Amino acid sequence: MQSFHYPHLPSEYSNVHVALFTDVTNSAEIRSRIVRAAQLEGPDGETEREAVSFAFLDARLICSLLHLQTAVYQAILAQVQGTIRTKTVHSEILWALNPTNNISEAIRRYGVADTTAALIVVRICSPELENVEQLMRTVVSGKLSPLDGLADITDWSSVKKYYKLNGEPALKAVAKDPARERALVEEIVTSSVAMKSVMA
């Protein structure tokens with residue numbers, strides 16, 4: 001797990017914890033818990049919402065840590081500025097990652113699916129919250145893996161498809177050099193996430 005601190009932001013949004021889980025075996029259960037938590041009322045609902053208070057992201061659609069951090073920061077800014085378009089700061093990360101403004105599409109594409117085997121889990125919180133990694137492990141059954149292995153998990157063809165980059169002339173020019181093509185795709189999608197809140 002990696003943690004980032006943004007001291008200039010309000011305390012409750014100043015800490016970000018990110019973990020990559022591979023060989024995940026309970027994605028369907030996680031997805032049903034998220035749905036159930038949204039529907040439960042009263043103290044039970046509050047307890048369950050707190051237990052799954054994370055962004056669960058399909059790791060195959062994340063190009064790099066910078067790509068992810070850009071979406072996380074945009075989500076926090078939207079929360080702080082009162083321009084949030086989804087119900088929580090964590091679901092706002094999924095919206096920020098999706099190239100369109102369709103929230104249900106963002107959740108369907110970037111969120112956890114029943115078959116998700118590689119999962120990025122993000123928690124935005126105050127510095128007072130401890131044991132975040134343990135809280136993640138309580139929800140996710142999988143192997144905690146180094147984030148620097150993310151590029152090997154990325155499904156580059158799906159990323160290009162969702163961002164409509166298959167006809168991009170700049171990518172055609174580097175098509176025979178996979179490393180340069182990936183670097184260019186990562187640059188385009190990260191810039192797109194950074195610009196999204198400005199354009200929306």
Side-chain angles (χ1 to χ4, degrees), residues 1-4 16-28 30-31 54-76 90-124 133 136 140-200:
M1 185 181 80
Q2 287 191 33
S3 299
F4 307 94
V16 176
H17 306 281
V18 179
L20 170 62
F21 288 89
T22 55
D23 302 325
V24 176
T25 57
N26 68 330
S27 293
I30 293 169
R31 198 174 74 80
F54 300 98
F56 297 97
L57 308 168
D58 187 334
R60 296 174 313 117
L61 298 178
I62 307 301
C63 299
S64 67
L65 188 55
L66 179 62
H67 179 210
L68 176 63
Q69 284 178 295
T70 304
V72 169
Y73 196 74
Q74 292 291 358
I76 296 172
H90 292 117
S91 57
E92 192 76 3
I93 296 170
L94 279 71
W95 181 87
L97 286 164
N98 195 43
T100 76
N101 291 328
N102 187 316
I103 293 167
S104 57
E105 179 186 80
I107 292 167
R108 188 172 65 251
R109 283 181 178 175
Y110 289 85
V112 61
D114 290 353
T115 56
T116 303
L119 196 61
I120 291 175
V121 184
V122 180
R123 179 65 183 255
I124 297 167
E133 185 178 313
M136 290 177 176
V140 182
S141 298
K143 185 175 82 176
L144 195 60
S145 301
L147 278 156
D148 55 14
L150 190 56
D152 297 327
I153 295 170
T154 305
D155 179 349
W156 294 94
S157 61
S158 289
V159 172
K160 287 192 289 184
K161 176 183 163 190
Y162 291 153
Y163 277 85
K164 297 183 169 51
L165 298 178
N166 286 319
E168 181 64 42
L171 290 179
K172 286 181 179 175
V174 294
K176 292 189 171 126
D177 185 343
R180 282 184 66 199
E181 184 190 43
R182 288 179 177 189
L184 191 54
V185 168
E186 193 259 338
E187 192 177 314
I188 292 168
V189 299
T190 301
S191 299
S192 176
V193 171
M195 291 298 295
K196 186 173 180 186
S197 60
V198 177
M199 308 297 284

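The figures that follow rest on heavy atoms only: side chains count, while hydrogens, waters and symmetry mates do not. Residue numbers count from 1 along this sequence. This is a predicted model, so every value here is computed, not measured.
For residues 61-76, no residue pair satisfies the salt bridge (Lys or Arg N to Asp or Glu O under 4.0 Å) rule, not counting sequence neighbours. For the salt bridge (Lys or Arg N to Asp or Glu O under 4.0 Å) condition, the pairs that include at least one residue of residues 92-102, sequence neighbours left out, are Arg85-Glu92. Under the side-chain hydrogen bond (donor to acceptor under 3.5 Å, both in side chains) criterion, the residue pairs touching residues 141-150 are Thr22-Ser145, with sequence neighbours excluded.
With Leu68 as reference, Val18 is the one residue of Leu150, Val18, Val16 to meet the side chain to side chain contact (heavy atoms under 4.5 Å, CB included) rule.
In this structure, CG in Leu94 is found 10.5 Å from CD1 in Ile103, a value given to the nearest 0.5 Å. Summarising the geometry, atom CG belonging to Leu97 is positioned 12.0 Å from atom CD1 belonging to Ile107; distances are rounded to the nearest 0.5 Å.
In this structure Asp155 satisfies the side chain to side chain donor-acceptor pair (under 3.5 Å) test together with Arg60, Ser157, Ser158, sequence neighbours excluded. Residues passing the side chain to side chain contact (heavy atoms under 4.5 Å, CB included) test with Leu171 are Lys160, Leu165, Glu168, Glu181, Leu184, Val185, sequence neighbours excluded. Applying the salt bridge (charged side-chain N to carboxylate O under 4.0 Å, His left out) rule to Glu187 yields no partners; only residues at least two apart in sequence or on another chain are considered. Remark: Tyr110 pairs with no residue by the ring pair (Phe, Tyr, Trp, His ring centres under 6.0 Å) rule, at least two apart or across chains. A search for salt bridge (charged side-chain N to carboxylate O under 4.0 Å, His left out) contacts involving Asp114 returns Arg31, not counting sequence neighbours. Under the side chain to side chain contact (heavy atoms under 4.5 Å, CB included) criterion, Arg108 pairs with Glu105, not counting sequence neighbours. The side chain to side chain contact (heavy atoms under 4.5 Å, CB included) test applied to Ser191 returns no partner, not counting sequence neighbours. With sequence neighbours excluded, the residues forming a side chain to side chain contact (heavy atoms under 4.5 Å, CB included) with Thr116 are Ser27, Asp58, Val112, Ala113, Leu119, listed by chain and number. Residues passing the side chain to side chain donor-acceptor pair (under 3.5 Å) test with His17, sequence neighbours excluded: Ser3.
Taking 4.5 Å as the limit, every side-chain heavy atom of Arg182 sits out of range of all side-chain heavy atoms of Ser64.
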Worked verdict on Thr154 versus Glu186 for side chain to side chain contact (heavy atoms under 4.5 Å, CB included) = CA-CA 10 Å; Thr154 305; Glu186 193 259 338; over 6 Å; no
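No side-chain N or O of Thr25 forms a donor-acceptor pair with one of Asp23 less than 3.5 Å apart.
Heavy atoms only, all atoms of each residue included: Ala96 and Lys196 are closest at O-CD, 3.7 Å. Here the shortest heavy-atom pairing between Met136 and Val121 reads CE-O, 3.6 Å.
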